[in-house]
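Worksheet for the structure shown next.
Numbering of ligands and ligand atoms starts at 1, following listing order.
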Amino acid sequence: MNVYRFIPSAAALVRLATGADLLTELQAACAKLGVRAGSIEAIGAVSTLALGYYHQDRKEYETLRFEGRWEIVSATGNVSLAEGEPFVHVHVVASGADGRCVGGHLVPGCTVFAAEATIVALEAGDSPVREPDDVTGLRLWR
Ligand code: ZN
């Protein structure tokens, strides 16, 4: 277990632009706010939905694309550094017109219809840094 102790230093509410890619927009907001470590949550709706599923046996992501328009029931995640840049890691649960939900790892391909994010920056010493992990095949905090 790796523990990184931080103190919340700033928080922002961000309206994400209609038509923007959800992941790109969250990354841009973190960059604008100068967040090197933090937490993110968002709610809203998307007009396209793509989510990643990590195949643990093959150690690779599969991108799942879902037809229709979706409510973002919950999007939650964190910000840390990867290769010196803010890296946004978010998981999404979204509901369709029938109320059923799907979920997964946020990947490019989710088009914002309307969405609002809460970003909390954490301030302290060293930010967690993502590095390749041989066991999982993922980039994890060292
Ligand atoms: Zn993930």
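- Rounding to the nearest 0.5 Å gives a distance of 9.0 Å between CZ of R36 and CD of E123.
- For the Zn ion (ligand 1), the neighbouring protein N/O/S atoms at less than 2.8 Å, given as residue and atom, are H89 NE2, H91 NE2, H105 ND1.
- Taken to the nearest 0.5 Å, the CD atom of E85 stands 10.0 Å off from the CD atom of Q27.
- With rounding to the nearest 0.5 Å, the separation of CG in L106 from NE2 in H91 is 9.0 Å.
- Ring pair Y53/H105: centre-to-centre distance not below 6.0 Å.
- Residues L33 and L23 fall within the same hydrophobic cluster, defined by Ile, Leu, Val, Met, Phe, Trp and Tyr side chains chained together at heavy-atom separations under 4.5 Å.
- Residues satisfying the side-chain hydrogen bond (donor to acceptor under 3.5 Å, both in side chains) test with T18, not counting sequence neighbours, are none.
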